[in-house]
Number of protein chains: 2
Amino acid sequence: MKGIRRLAQHLDISIGTVSRALNGRPDVNEETRRRVLEAAEKLGYVPNQSGRSLRQGTTNIIGFMMQTGTEITGQGDTFFMSVFDGVQAVFAKHKLDLVALLCSSEEDQSDYLRRVVARGFADGLILSATQRHDPRIEYLAERNIPFVTLGRSLTDVGRPWLDLDFEGMAQIAIDRLVARGHRRIAVTRPHDDANLGYIFVDRCREALAAHGLTLEEELIFRSTPNETGGYQIARELLKLEDRPTAALLVNETIAIGFYQGLSEAGVRPGRDIAVIGRYSPHAHFLSPPLTCFRLSLRDLGIALAETLLSTMPTFQEHYPQALTNAVWPMELIEGESDGFRVNGDESRG
Amino acid sequence: MKGIRRLAQHLDISIGTVSRALNGRPDVNEETRRRVLEAAEKLGYVPNQSGRSLRQGTTNIIGFMMQTGTEITGQGDTFFMSVFDGVQAVFAKHKLDLVALLCSSEEDQSDYLRRVVARGFADGLILSATQRHDPRIEYLAERNIPFVTLGRSLTDVGRPWLDLDFEGMAQIAIDRLVARGHRRIAVTRPHDDANLGYIFVDRCREALAAHGLTLEEELIFRSTPNETGGYQIARELLKLEDRPTAALLVNETIAIGFYQGLSEAGVRPGRDIAVIGRYSPHAHFLSPPLTCFRLSLRDLGIALAETLLSTMPTFQEHYPQALTNAVWPMELIEGESDGFRVNGDESRG
DNA sequence: TTGGTCTCCGTAAACGTTTACGGAACTATG
DNA sequence: CATAGTTCCGTAAACGTTTACGGAGACCAA
């Protein structure tokens with residue numbers, strides 16, 4: 001005898017009552033409930049997930065989809081871990097569990113998603129690495145699967161998403177650099193179709209235009225969003241006839257490689273070129289410390305969770321005013337990598 | 001009408017036959033099977049996971065357990081993603097899915113594990129961040145849940161584990177440094193109870209003893225295995241009356257902070273102090289490039305998967321000689337951070 | 001024809017839950 | 001005492017699969 005039957009037999013009551021007691025139904029005597037909970041604790045009973053979700057059509061699981069393989073991840077692993085922590089802080093209140101759905105680098109993400117959905121694996125999904133054209137979004141929307149994406153796409157009109165405020169980052173950084181006399185500013189973007197590249201570069205272009213400047217094509221650098229990519233960008237940048245005096249790095253992990261690429265040519269950030277990037281745990285430990293844009297990833301995770309839950313009938317009453325389409329602001333952390341003026345008047349050592 | 005019934009109705013055959021056809025049973029006409037598969041494809045039918053696992057008592061899911069929250073992860077971003085990729089390469093052959101079970105930083109790992117197991121969530125588990133005394137291992141062993149750990153503990157006697165070869169790393173590094181004239185060598189270890197700290201330091205001590213040297217307590221540095229920890233270690237190390245001439249860093253991500261801590265005091269790796277660490281994607285992009293120990297994480301993932309499957313009755317015939325207790329060798333990558341001799345004769349610039 | 005073997009398929013039970021339904025015991029009300 | 005209402009609990013169906021079992025038909029040999 002196993003499962004709830006064992007518990008019922010042990011208490012000499014029916015399985016229906018046991019189930020009601022455990023699920024907090026009102027129509028059960030409080031004394032009985034106490035006994036049931038006690039016995040469940042003692043016998044280590046936990047409801048079988050398959051049985052429960054088969055009956056209820058619900059799993060209490062939310063999936064965070066991500067692709068394995070190392071080549072294309074521009075985020076550090078602390079990035080996701082921090083986001084997860086925020087997500088779980090919300091989910092814990094509703095007894096939801098978060099699992100990371102790992103799509104192999106050899107499988108198409110849409111195929112993988114199809115499998116996950118058809119199996120009835122999760123009650124809701126969080127998608128990351130949103131592409132500019134992302135078929136996953138239409139797929140989920142058509143089927144009424146609750147989801148939220150981290151990152152915008154062109155095909156998610158009216159769908160819930162949250163994103164980092166790359167426009168704000170571009171605007172602030174460009175304004176700041178221009179105010180310090182920079183006229184030729186290099187910008188980076190991922191090599192692939194990630195939407196953030198388009199968003200970021202477009203806004204850089206607009207921000208420059210507002211100052212009467214144009215963003216030349218040769219100053220837009222594409223690379224894999226990792227250390228090697230940053231290194232390559234530095235090398236290419238230094239080859240230019242008319243070198244930029246500043247660089248704006250949109251990805252987290254490329255700064256180290258970028259620094260090294262500069263360093264090998266004797267070019268020092270903050271003295272010979274202004275560099276502004278994205279925060280990551282090592283940003284302060286570069287020489288010189290990187291001036292960068294940071295955000296609270298935990299808060300982002302909390303917002304993601306709330307946004308998702310606000311689209312699910314079961315939970316939406318708790319989150320009446322969750323954000324559905326919003327960019328998450330980033331804060332500028334002053335390091336020493338952008339501290340100089342083009343007119344020769346260094347603002348700091 | 002949903003699920004397999006819909007498919008059966010559509011084909012005008014019984015659900016039993018449909019199920020047999022889909023599951024590759026022999027007692028079904030090949031023509032019928034073809035029709036079933038075709039219709040399944042057309043209607044986008046995928047078996048419901050809950051129904052299936054309720055009946056079979058099996059989920060076809062393997063869980064990789066990890067804890068969220070950023071403070072204590074000593075691995076770089078790509079570490080787990082690379083391992084996952086290897087694991088999945090094996091699992092794909094057996095139609096197993098890998099998911100990451102994310103234990104919130106607020107929940108005890110043993111409690112979380114208990115929930116996962118009792119719910120019947122996964123057919124097998126991979127545990128990481130193994131602690132010296134790890135109650136999770138006994139729990140799984142008692143219950144006959146297939147598992148393998150990445151990292152040894154003291155309580156896993158006879159249980160399947162794989163680990164990095166920290167002994168080999170210690171031996172090679174110490175021998176190398178001693179051969180170059182170093183006598184005072186600092187070593188690091190994580191701040192917590194992670195077993196690798198014990199293993200590594202013990203072997204360093206033995207290796208030094210073989211050269212007639214002792215490892216003084218003041219040369220053993222504990223820290224959180226992240227950038228900040230590395231920085232702190234550098235600061236402490238530089239305060240010592242009798243400074244070590246070399247440092248051996250056992251964690252991946254501490255090198256950046258360590259470099260910075262040295263740099264602020266005008267101490268340069270490879271010139272003023274020999275530094276040997278662990279490979280991570282940025283190791284080559286430090287100045288000077290870090291001499292470090294590297295391994296194929298993908299291969300490690302493959303081995304982990306094979307080890308796990310070799311303990312599961314359903315699959316073990318395919319992996320008759322998988323490793324069950326083995327350390328995974330690391331290769332020394334020569335950078336420029338350890339390139340000098342104590343006697344003043346620098347081996348390179 | 002009879003009996004045996006094979007191939008293929010339908011039937012129904014089982015997995016562990018949740019929950020609609022109905023009923024027994026009790027309480028309150030007139 | 002009769003009736004209605006309340007509280008609590010047991011019964012059984014349902015969720016979507018897989019699979020043991022048995023049977024129908026085809027084929028073959030005697």
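Chain identifiers are assigned alphabetically (A, B, ...) following the order of the sequence lines, protein sequences preceding nucleic acid strands; residue numbering begins at 1 within each chain. Just so it is clear, the values below take in all heavy atoms, side chains as well, and ignore hydrogens, waters and symmetry mates.
- Rounded to a whole Å, the CE atom of M1(B) is 15 Å from the C1' atom of dT17(D).
- Using a 4.5 Å heavy-atom threshold, the side chains of R115(A) and E107(A) count as touching.
- A straight line from CG of L22(B) to P of dT17(D) spans 10 Å, rounded to a whole angstrom.
- Comparing R33(B) and I4(A) along DNA chain C, the residue whose closest nucleotide (by nearest heavy atom) sits nearer the 5' end is R33(B).
- Under 4.0 angstrom from either OP1 or OP2 of dT18(D) there lies at least one side-chain N or O belonging to N23(B).
- Comparing dT17(D), dT17(C), dT18(C) by their closest approach to the side chain of R52(B) singles out dT17(D).
- A donor-acceptor contact under 3.5 Å is not formed by the side chain of R55(B) with the base of dG16(C).
- The residue G16(B) sits close to a base: some heavy atom pair falls under 4.0 Å.
- Taking every heavy atom of both residues into account, T17(A) and V28(A) meet most closely at CG2-CG2, 4.2 Å.
- Of the residues near DNA chain D, L54(B) and T17(B), the one whose nearest nucleotide (by heavy atom distance) lies more toward the 5' end is L54(B).
- Nucleic acid contact for S53(A): none, since no nucleic acid atom lies under 4.0 Å from a heavy atom of the residue.
- Between dT11(C), dT17(C), dC9(D), one nucleotide has an atom nearer to the side chain of R5(A) than all others, and that is dT17(C).
- As a whole-Å value, the separation of L7(A) CG from dG10(D) P is 13 Å.
- When the nucleotides dT18(D), dT18(C), dT19(C) are ranked by their closest atom to the side chain of R20(A), dT19(C) comes out on top.
- At least one side-chain nitrogen or oxygen of Y45(B) sits closer than 4.0 Å to the OP1 or OP2 atom of dT17(D).
- The side chain of S14(A) contributes no N or O atom lying less than 4.0 Å from OP1 or OP2 of dT11(D).
- Between R25(A) and I13(B), the residue anchored closer to the 5' end of DNA chain C is I13(B), taking for each the nucleotide with the nearest heavy atom.
- Between D134(A) and R136(A), at least one side-chain N (NZ, or NE/NH1/NH2) sits under 4.0 Å from a carboxylate O, which counts as a salt bridge.
- In this structure, CZ of F121(A) is placed 19 Å from P of dG16(D), rounded to the nearest angstrom.
- Residue contacts shown for S50(A) are absent, as no nucleic acid heavy atom lies under 4.0 Å away.
- Between the side chain of R119(A) and the base of dG16(D) there is no donor-acceptor pair of N/O atoms closer than 3.5 Å.
- Ring centroid separation for the pair H10(B) and Y45(B) does not come in under the 6.0 Å cut-off.
- Atom-to-atom, CD1 of I15(B) to C1' of dA14(C) comes out at 12 Å; the value is rounded to the nearest Å.
- Ring planes of H94(B) and H318(B): tilted class, angle from 30 to 60°.
- Among the protein residues, D27(B) comes within range of the nucleic acid bases, having at least one heavy atom under 4.0 Å from a base atom.
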